[in-house]
S.K.: 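Before I ask anything, here is the structure I am working with.
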Amino acid sequence: LRTLPAGAPPRWVLLPALLGTLLILLPVAAVLTRLEWAELPALLTSAAAVDALTLSVWTALAATLTCLLLGVPLALLLANARFRGLAVVRSVVLLPLVLPPVVGGLALLYTFGRQGLLGGAFHVMGIQVAYSSLAVVLAQTFVAMPFLVVSVETAVRGLDRDVLDAAAVDGAGRTGILRHVTVPLILPGLVSGAVLAFARSLGEFGATLAFAGSVQGVTRTVPLEIYLQRETDPDAAIALSILLIGVAVVVISLAYGRHVRLAER
Amino acid sequence: MRSWRVLLVWAAAAFAALLGGCAQQQEQVLTVLAAASLHEPFEELSDSYTAETGVVVELRTAGSSGLVDQLENGAPGDVLATADQASMAHAEQAGLLGSAPAVFAQNHLVLVTPANNPAQIRNLDDLANGPTVILCAVQVPCGAAAARLLESAGVALSPSSEELSVTDVLGRVRTGEADAGLVYITSALQAREEVHIIRIEGAAEDPNRYPAAVLEAAEHPDEAHAFVEHLLSEKAQRVLADAGFAPVNDS
């Protein structure tokens with residue numbers, strides 16, 4: 001502590017900082033103590049658990065892909081465009097970050113549900129969105145999109161304008177610059193945004209429950225399975241919870257580990 | 001510095017007053033933990049109990065298994081009333097009860113459809129042929145009852161969603177997001193303006209029984225016993241019947 005630079009905080013911050021860490025660490029540790037570790041493999045390979053895991057993984061991947069396809073162009077636009085109402089557009093895009101997920105679920109229901117805004121149109125096309133895995137992907141995309149957009153927009157804003165100008169002077173088209181210069185340069189931000197979007201999708205609960213419903217193998221993702229199993233089989237719920245905690249730890253180290261190392265350099 | 005001290009004294013005084021207030025209140029407040037489906041009749045029954053005894057009731061309603069969970073984790077309470085006997089048996093095994101549970105009401109399932117009944121459902125058999133049907137998950141009491149009922153009727157169906165509570169099933173039906181659902185008659189009656197109710201043959205003969213018991217950790221065991229007695233009184237049974245609950249047969 002003696003070698004800390006002049007800008008370092010006073011020592012007393014140590015106590016609240018420690019309490020803050022404990023507030024998060026202790027509950028996570030408490031979950032770990034509740035588990036019968038010997039039973040973990042059996043609990044995680046039950047038909048219901050496997051169905052939930054499979055569904056969660058593929059819907060979260062599909063949602064991440066959708067976020068990339070729609071979110072990257074959106075982020076590029078937000079980072080470069082200058083027009084009246086840009087701030088409004090940005091606030092709207094970030095809305096799912098602060099909205100309770102259950103509200104998002106209801107909003108999706110009022111849009112894509114049978115009685116929803118677009119429900120009639122989908123019905124004509126013979127597509128029922130609600131109660132399907134598609135609804136799960138939509139709910140996850142809705143809540144995860146802002147994570148990707150924020151991450152990519154920040155990366156694009158951090159780009160060195162001179163490099164982009166140089167590419168233009170050399171005769172590269174806009175799409176060429178995007179593909180060969182911008183994307184490689186923002187790749188770290190893109191990857192961490194995608195990883196965060198995947199993690200948020202994997203943990204999605206409220207919007208899925210309100211919008212998609214809950215049926216094993218179709219719409220019951222891991223968080224919904226945890227909530228249901230809690231009623232009758234707490235051990236199964238704890239086993240799945242620990243799995244999600246494990247995934248979360250990996251995701252955070254992937255997404256933020258790099259930033260921390262960069263900052264320390 | 002002086003203003004700090006003044007503030008401190010005031011804060012201490014306020015805190016003491018708060019503590020005193022709580023202690024005074026605790027002497028007369030009976031805490032009743034009840035299943036979510038009991039919320040409306042129990043509000044009325046709490047009022048009539050207070051009118052008779054002068055004891056104020058604090059009513060806390062939630063899903064039955066959630067209530068038992070809370071009690072196991074040390075939540076305070078005097079009386080427990082659940083929506084099925086399985087939850088009460090769980091509470092008994094966990095040593096939470098201070099009296100034998102007494103069944104005070106019965107409830108059974110009915111079919112509900114949106115008011116205009118778009119899929120033209122008439123009975124359980126109509127559910128098997130493709131309409132969007134919502135049930136409770138078998139892990140919760142209303143789902144267990146639905147599974148029993150469908151099995152005895154020989155109807156196999158794949159629900160579009162298995163909800164965690166009966167109110168969620170009702171919500172999907174009343175908003176027209178589903179063609180039909182199985183819910184308790186008491187919940188259906190609360191939404192009678194918005195849903196079409198179809199009685200199911202045999203459902204009333206296989207009801208959910210609602211037991212109540214005094215809790216082992218009750219702070220006011222005598223008042224708690226009186227409350228359970230009150231539930232079985234003629235007057236209380238009439239309030240429960242108005243909400244759609246079937247009376248209990250004293251046999």
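Please read all numbers here as calculations on a predicted model, not as lab measurements. Keep in mind that the numbers below use all heavy atoms, side chains included, and drop hydrogens, waters and symmetry copies.
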S.K.: Between B:Glu162, B:Glu177, B:Gln139, who has the most heavy-atom pairs with chain A when the cutoff is under 4.5 Å?
M.R.: B:Glu177
S.K.: Which residue in the set B:Val110, B:Val112, B:Ile200 passes side chain to side chain contact (heavy atoms under 4.5 Å, CB included) when paired with B:Leu182?
M.R.: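 It is B:Ile200, the one option of B:Val110, B:Val112, B:Ile200 that forms the side chain to side chain contact (heavy atoms under 4.5 Å, CB included) with B:Leu182.
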S.K.: Can you tell me if A:Tyr227 has over 12 outside heavy atoms packed within less than 6.0 Å of its OH?
M.R.: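 Incorrect, the count does not exceed 12.
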S.K.: With a 4.5 angstrom heavy-atom cut-off, is it the side chain or the backbone of B:Ala178 that approaches chain A, or both, or neither?
M.R.: both
S.K.: Do A:Thr221 and A:Glu204 have side chains that get closer than 4.5 Å, going by heavy atoms?
M.R.: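 Not in contact.
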S.K.: Where on B:Thr175 is there a heavy atom nearer than 4.5 Å to chain A: the side chain, the backbone, both, or neither?
M.R.: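 Backbone of B:Thr175 only, per the 4.5 Å heavy-atom cut-off to chain A.
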S.K.: Is the closest side-chain donor-acceptor distance between B:Tyr210 and B:Ser37 under 3.5 Å?
M.R.: yes
S.K.: Under 4.5 Å heavy-atom distance to chain B, tell me which part of A:Leu109 shows up: side chain, backbone, both or neither.
M.R.: both
